[in-house]
Amino acid sequence: MAEQQQKQQQQGGDDEMLEAALEMPEVVQRQDSLYRDASRAGGASHHGHERWGKTLRLAFQCVGVLYGDIGTSPLYVYSSTFTAGVRHTDDLLGVLSLIIYSFILFTMVKYVYIALRANDDGDGGTFALYSLISRHAKVSLVPNQQAEDELHILDQEDPKSFSRRRGLATLQLASPAAHRAQRVKELLETSKPVRISLFLLTILATAMVISDACLTPAISVLSAVGGLKEKAPHLTTDQIVWITVAILVALFSVQRFGTDKVGYFFAPVVILWLLLIGGVGVYNLVKHDIGVLRAFNPKYIADYFRRNKKDAWISLGGILLCFTGTEALFADLGYFSIRSIQLSFGFGLVPSVLLAYAGQAAFLRKYPEEVANTFYRSTPTVLFWPTFVLAIAASIIGSQAMISCAFATISHSQALGCFPRVKILHTSKQYQGQLYIPEVNFLLGFAACVVTVAFKTTVVIGEAHGICVVLVMLITTLLLTVVMLLVWRMNAWCVALFFLVFMASESVYLSSVLYKFLHGGYIPVVISAVLMAVMIVWHYVHVMRYKYELERTVSPDKVREMLDGRDLRKVPGVGLFYTDLVQGIPPVFPHLIEKIPSIHAVLLFVSVKHLPVPHVDMSERFLFRQVEPREHKLYRCVARYGYRDPLEEAKDFATNLVERLQYYIRDVNLYGVDVDAKAGKVSYPSSRCDSMARSTRRSSMTMTMQQHYSSASYTESLALARARSTSSGATGRMNMNGMIMMPSASYTERERQGRSIYAEEMMTPAESFSELAMQVVPSGRYAASSQQLFQAAKMSLEEMAKIEEEQRYIEREMEKGVVYIMGENEVVARPHSSLLKKIIVNYVYAFLRKNCRQGDKMLAIPRSQLLKVGMSYEI
């Protein structure tokens, strides 16, 4: 009876969820928000079907970019593991077995075959995982999402189920996986502590990656340079250290030139390095002890722990260095495809690295006293200098990968309001992801040199390096678990198995490195703590400032009253008023009108919005909304960028924006897609062009229409297009190129249901007007229908002339000049705030903002065209 009642209660709960899902509002009104996720991500192509030729080329390239750090780990793993020497030769079999299975479990299984699938439209890393989660649940701490945005997110998640939502809602919610995903989503969205914890974990991983970018160059180059003692034993440790510092200074000095200048050099060098260490490994196996291959039997792991107990557990801090660099591999996924990484990893990296570790173990079985410098001592004498040169080169390449990963991570963080403004330079026109940040580069180089000089040996630096590696892996496991439940909707047992296996094993490694916290493990913790404090303060004030502006948004009625009730002077030209708000008019605008009672002939409130996706296509970049009253030519605009998209120069930005504004004026008037109040729908004006210039469109339109209606002028042709689209109802619409714009299936479906209709769905290119007219209109009625269309067209000639005049008006004002208006807002804590809040806002944030780049410098705005408006915000 109890089980039956439980089933009935569960069924009742399911019925309530079904009813709630099916009782969706028939009309989804568009709020006063322009926020919308990108409908197309540039990284999506990374995961489509590709030819084997392209896969092989990408596999060759990713060897040089991704495997430098992992491939140079054999330089220091054994010396970091056996810090007190090899006590028993069978311990080498236990350590080798741990290396083999740790490498396979964490690097191959977790990252290459699981984590790479959890990409954000082709982009990887912990920050991309957070972005992926934020696109399926409202976990962002910035309140910039509205109710209608969720429709677009659901549409991206499963377009087929979205277009047939009501018919499939029962089947979707009946699935246990869907129930779990819904519960996870509700937990993430309703629990503020969970959202904050998720954010803190993400920025902790980000801070650890940045810390790792100063430790990886130090340990890699120091290990490689240490080989000089084999040929020059008179060199002291201090001399080795200063040679390493000189190489580090050179490495960080050439960052400004960009990695693309030496990109073609990377892959051959790393391939030669992998072939060399693999070949030396085979040589050592054959010459010394091929029996070490018994380490593939995991029983030697148990023997190792039984024999050494606590010392075996402590040695895990050195063993984990064999899979360093996996985060860089995941973070740099955006440059390559999953298949190319899996191919090069499985057939290139894995055999070479495992042979190198096995060969060193065979050498140490015979010469255990050489463990402090295993790599060079196990290399044949004749190959020493080629090995030394390749080791230096591979170390630099591995360091370069982590430095580039740090630059990209900071760029992503800054784009989403989690890092102070710094100057970001794109060093390659061909590859957008190759960045250079001067301030960060200097700090990383300085920190790497200080760490090298202070600790002198790879053992201590390795302990610090290990904390970065294992903490990032733990956070990645947590985020992957959320992705499995929320996005992939996997079986609960599979998710539990993944979580338990990796969380338990990584926790053991973490406990080992924390044991040596005072021996060097505190270095990345201190660096990360400082970085996290900076990021938390910056993001906290960013959110509070956004909420302050959002609560004081100027209403449309207030704008109309302000513009109509004042004697405003019209200033010639175009004004671009920058604001963080995407929901409405910022409070600094009335402040400007009050102090300077004038307004530009054309004024646009521009919000540069960075979305949690890697790329936003140029055709989807600008969104517009006109502000009433229309005669004042006020518009709101959101310029959307992905966190990998570079910002244009101010002049190019203004040119592109005004060009898209003209398309918007065309669309909103020609297609009538502004507001349909009678039907209860709010449609979404498009701001994208169909890839042809205005002059080309005019010529193409005229030629197309003249084939059947030679007497029609250009204006008549436009009017005819609008009359045709109006008279045909939902049958079709025409664009400026003489193309009928047919509604998509989802357009028809949503029009019947009374939901929002997006212009992107209405304007789907079909046949030309002439071809469609011949198909739709029967031949017997062709002349009569044509005459009716021309009669409707003549009624719209005056309206079409207004569209042309409005577009020319904007062109003329653009030629008169552009003025960039920015709010120079001072943010202070309220008088009765707590002491901690006053310190954070009035001192820490003020210091960061004063010493970081201002908005006009970030947007490269010329000083001669800049107007700053000051206002004080009390948060």
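Please read these numbers as outputs of a predicted model, since none were measured by experiment. These numbers come from the heavy atoms of this one structure, side chains and all, not from hydrogens, waters or symmetry mates.
- In the model, Ser211 has a side-chain atom that pairs as donor or acceptor with a side-chain atom of Ser528 under 3.5 Å.
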Exercise. Are Lys110 and Glu506 close enough, and set up right, to give a salt bridge (Lys or Arg N to Asp or Glu O under 4.0 Å), and what steps lead you there?
Worked result: CA-CA 12 Å; Lys110 178 182 174 180; Glu506 290 165 2; 2.7 Å; yes
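- Among all heavy-atom pairs drawn from Leu251 and Ser399, the shortest one is CD2-CB, 3.7 Å.
- Between Val249 and Cys449, some side-chain heavy-atom pair lies under the 4.5 Å cut-off.
- Between the side chain of Gln414 and the backbone N or O of Val422, at least one donor-acceptor pair lies under 3.5 Å.
- Using a 4.5 Å heavy-atom cutoff, the side chains of Leu201 and Leu474 are not in contact.
- More than 12 heavy atoms of other residues, nucleotides or ligands sit less than 6.0 Å from atom CH2 of Trp313.
- Annotation: Phe388 is not in aromatic contact with Phe375 [ring centroid separation under 6.0 Å not met].
- For the salt bridge (charged side-chain N to carboxylate O under 4.0 Å, His left out) test, residues two or more places apart in sequence or in another chain that qualify with Lys456 are Asp238.
- Enclosure of atom CZ in Arg87 is not indicated, since only 12 or fewer non-hydrogen atoms of other residues, nucleotides or ligands lie within 6.0 angstrom.
- A side chain to side chain contact (heavy atoms under 4.5 Å, CB included) with Phe103 is found for exactly one of Thr326, Leu98, Leu349, namely Leu349.
- The environment of Phe347 atom CZ is sparse: at most 12 non-hydrogen atoms of other residues, nucleotides or ligands sit within 6.0 angstrom.
- Phe384 has its ring centre less than 6.0 Å from the ring centre of Tyr376.
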For this session: Please assess Phe502 against Leu105 for the test side chain to side chain contact (heavy atoms under 4.5 Å, CB included), listing each intermediate value before the final yes or no.
Result: CA-CA 9 Å; Phe502 287 100; Leu105 181 65; 3.8 Å; yes
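- Of all the heavy atoms in Ala267 and Val63, the pair that sits closest is O-CG1, 4.4 Å.
- Shortest non-hydrogen contact noted between Gly318 and Thr81 is C-OG1, 3.3 Å.
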Exercise. Step by step, would you call Gln360 with Leu96 a side chain to side chain contact (heavy atoms under 4.5 Å, CB included)?
Worked result: CA-CA 9 Å; Gln360 290 183 33; Leu96 178 59; over 6 Å; no
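- A salt bridge links Asp91 and Arg307; the closest N-O separation between the charged side-chain nitrogens and carboxylate oxygens is under 4.0 Å.
- Closest of all the heavy-atom pairs between Ala115 and Phe330 is O-CE1, 3.2 Å.
- Looking at Leu316, Ile467, Ile314 one by one, the single match for side chain to side chain contact (heavy atoms under 4.5 Å, CB included) with Val513 turns out to be Ile467.
- Judged purely by atom type and a 3.5 angstrom limit, Ser220 has no side-chain atom pairing as donor or acceptor with the backbone of Pro217.
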Side chains of residues 67-75: which donor-acceptor partners sit under 3.5 Å, not counting sequence neighbours?
residue : atom : partner : partner atom : Å
Tyr67   : OH   : Ile341  : O            : 3.1
Tyr67   : OH   : Ser344  : OG           : 2.8
Tyr67   : OH   : Phe345  : N            : 3.4
Asp69   : OD2  : Gly325  : N            : 3.4
Thr72   : OG1  : Gly68   : O            : 3.0
Thr72   : OG1  : Asp69   : O            : 3.1
Ser73   : OG   : Asp69   : O            : 3.4
Ser73   : OG   : Ile70   : O            : 3.4
Ser73   : OG   : Leu321  : O            : 3.0
Ser73   : OG   : Thr324  : OG1          : 3.2

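- In this structure, the side chain of Ser97 does not engage the main chain of Leu93 through any donor-acceptor pair within 3.5 Å.
- Shortest non-hydrogen contact noted between Ala213 and Phe252 is O-CZ, 4.3 Å.
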Problem set entry | side chain to side chain donor-acceptor pair (under 3.5 Å) assessment of Tyr304 paired with Ser315 | CA-CA 11 Å; Tyr304 177 65; Ser315 68; 2.8 Å; yes
For this session: Check the pair Asp90 / Tyr300 against side chain to side chain contact (heavy atoms under 4.5 Å, CB included), numbers first and verdict last.
Result: CA-CA 8 Å; Asp90 284 347; Tyr300 289 100; 5.9 Å; no
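- A donor-acceptor pair under 3.5 Å is absent between the side-chain atoms of Tyr283 and the main chain of Gly278, judged by distance alone.
- Annotation: Phe517, atom CZ; neighbour count of heavy atoms from other residues, nucleotides and ligands within 6.0 Å is above 12.
- In this structure, CG in Leu248 is found 11.5 Å from CG in Leu444, a value given to the nearest 0.5 Å.
- The heavy-atom pair separating Met532 from Ala207 by the smallest distance is CG-CB, 3.9 Å.
- Side-chain polar atoms of Ser378 and Tyr367 form no donor-acceptor pair below 3.5 angstrom.
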All N/O donor-acceptor pairs, side-chain side in residues 222-234, below 3.5 Å, sequence neighbours left out:
residue : atom : partner : partner atom : Å
Ser223  : OG   : Ile219  : O            : 2.7
Glu230  : OE1  : Arg377  : NE           : 2.6
Glu230  : OE2  : Asn373  : ND2          : 2.5
Glu230  : OE2  : Arg377  : NE           : 2.7
Glu230  : OE2  : Arg377  : NH2          : 3.4

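- Relative ring orientation between His288 and Phe363 is described as perpendicular, the plane-to-plane angle rising above 60° on a 0-90° scale split at 30° and 60°.
- The backbone N or O of Val280 lies less than 3.5 Å from a partner atom in the side chain of Asn284, making a donor-acceptor pair.
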Exercise. Run the side chain to side chain contact (heavy atoms under 4.5 Å, CB included) check on Ile523 and Ile461 step by step: do they pass?
Worked result: CA-CA 9 Å; Ile523 301 172; Ile461 301 176; over 6 Å; no
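- Panel note: side chain Asp212, backbone His465; no donor-acceptor pair is recorded below 3.5 Å.
- Side chain of Ser80 to main chain of Tyr76: a donor-acceptor pair is present (N/O by atom type, distance under 3.5 Å, no hydrogens or angles).
- Side chain of Asn851 to backbone of Phe847: a donor-acceptor contact under 3.5 angstrom is found.
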